[in-house]
Amino acid sequence: MKVTRRRAMKWMTGSLCLLVVSVAYTGITWAGPPQGVTATLIGRATFGRFNVKTTPPESEGEHNNGQVNLDFMAQAKPGMDMVVRTFDYLPGSTTGWHTHPGPVFINVISGSVTFYELDDPTCTPRVVTAGQGYVDTGHGHIGRNETGLPAKDVTISIVAVGETQLRQNIQGKYCFFDE
C-alpha cells in the first residue's frame, strides 16, 4: 500500500511540475492583448479595384533636373479598405505578438517604438523614431516602447472590404519578453 501511495505522489508531483512549466512557457511566449497601448480609430474608407503606377514617361527620365522620381505601384483586386488609427504607447508598453490580415504602414510621430519580426531568429530590434516609418508585411511582429517616455504612431492597415478582425494574437518564436 505504501509503494502505491509513493508512486501516486511521484506521479502527481511530476504532473504538477509539468503543468507549472507548461503554464510558465505559455505565459512567456503567448502574446495576449496589448499592454499599455491604446488604439484610436481615425477613419476607414473603401476603395474599388485599382492599379496605380507612378514611373515617369521615358522622355522625362533624364531631363528631370536631377530629381529622383518615385517608382510606386499598388493594385487592389477586387477592392480594399484602408483603416487609419493612432496608437499611444505608455513607457514599457507592448503590442504583444500578432499578425494582420494585410500590410500595415506605420508612421511613428513621437517617441520611439521597437519592432521585432516573428521570423527573425537573431531577434534583431528595429528602432523606429519620430519621423520614420515601418512596413509590417503581415508575417507577425511585436511593437514595444522600450523607453521611459510615451510614444505614438499613425497606422494605415490594408484589409479586405468589410474585414473586422484587424489583428490576431500569435505565439512568439525566437524573442521572448516578460509580458
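All of these numbers come straight from a predicted model, not from anything done at the bench.
In this structure, CZ in Arg126 is found 7.5 Å from CD in Gln132, a value given to the nearest 0.5 Å. Thr155 contributes atom OG1, which lies 4.5 Å from atom CZ of Phe87 (distance to the nearest 0.5 angstrom). Put simply, CG on Asn107 and CD1 on Ile109 are 7.0 Å apart, with the number rounded to the nearest 0.5 Å.
When all heavy atoms of Asn51 and Met73 are compared, the pair lying nearest together is OD1-CG, 4.4 Å. Nearest heavy-atom pair across Val159 and Pro101 is CG1-CG, 3.7 Å. Heavy atoms only, all atoms of each residue included: Val108 and Gly111 are closest at CG1-O, 3.7 Å. Closest of all the heavy-atom pairs between Thr114 and Pro125 is CG2-CB, 3.6 Å. The minimum heavy-atom distance linking Ser93 with Gly36 is given by the pair CB-O, 3.3 Å. The two residues Ser112 and Thr129 make their nearest non-hydrogen contact at CB-CG2, 3.7 Å.
Met82 is connected to Phe105 through a chain of hydrophobic side-chain contacts under 4.5 Å among Ile, Leu, Val, Met, Phe, Trp and Tyr, so both are in one cluster. Under a hydrophobic-cluster definition in which Ile, Leu, Val, Met, Phe, Trp and Tyr are linked whenever side-chain heavy atoms come within less than 4.5 Å, directly or via other members, Ile158 and Ile42 are assigned to the same cluster. Following chains of ILVMFWY side-chain contacts shorter than 4.5 Å, one can reach Ile156 starting from Met80, so the two form part of one hydrophobic cluster. Put simply, Val135 and Val84 are part of the same group of oily side chains (I, L, V, M, F, W, Y) that touch within less than 4.5 Å, one to the next.
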Take Phe177 and Ile142 through the side chain to side chain contact (heavy atoms under 4.5 Å, CB included) test and state the conclusion after the steps.
CA-CA 10 Å; Phe177 303 104; Ile142 189 171; 4.0 Å; yes
Could you walk me through whether Tyr174 and Tyr116 pass the side chain to side chain contact (heavy atoms under 4.5 Å, CB included) test, one step at a time?
CA-CA 10 Å; Tyr174 301 108; Tyr116 297 87; over 6 Å; no
Checking side chain to side chain contact (heavy atoms under 4.5 Å, CB included) for the pair Asp136/Phe115: CA distance, chi angles, key distance, verdict?
CA-CA 10 Å; Asp136 168 31; Phe115 294 95; over 6 Å; no
Please evaluate residues Asn145 and Val113 with respect to the criterion side chain to side chain contact (heavy atoms under 4.5 Å, CB included), reporting the C-alpha separation (whole Å), side-chain torsions for both, the decisive distance (0.1 Å), and the verdict.
CA-CA 5 Å; Asn145 181 353; Val113 180; 5.6 Å; no
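Under a 3.5 Å cut-off, the side chain of Asp81 and the backbone N or O of Gly162 do form a donor-acceptor pair. Judged purely by atom type and a 3.5 angstrom limit, Arg167 uses its side chain to pair as donor or acceptor with the backbone of Thr95. Of the possible polar contacts, one joining the His100 side chain to the Leu166 backbone as a donor-acceptor pair under 3.5 Å is found.
The shortest side-chain heavy-atom distance between Arg85 and Ser157 falls under the 4.5 Å cut-off. Using a 4.5 Å cut-off on side-chain heavy atoms (C-beta onward), Lys152 and Thr40 make no contact.
Around atom NZ of Lys77, no more than 12 heavy atoms belonging to other residues, nucleotides or ligands sit under 6.0 Å away.
Legend: residues meeting side chain to side chain contact (heavy atoms under 4.5 Å, CB included) with Thr99, ordered by chain and number and at least two apart, are Gln168, Ile170.
Ring geometry for Phe47 versus Phe50: interplanar angle over 60°, hence perpendicular rather than tilted (30 to 60°).
For an aromatic pair to be called close, the ring centres must be under 6.0 Å apart, and His139 with His141 fails this.
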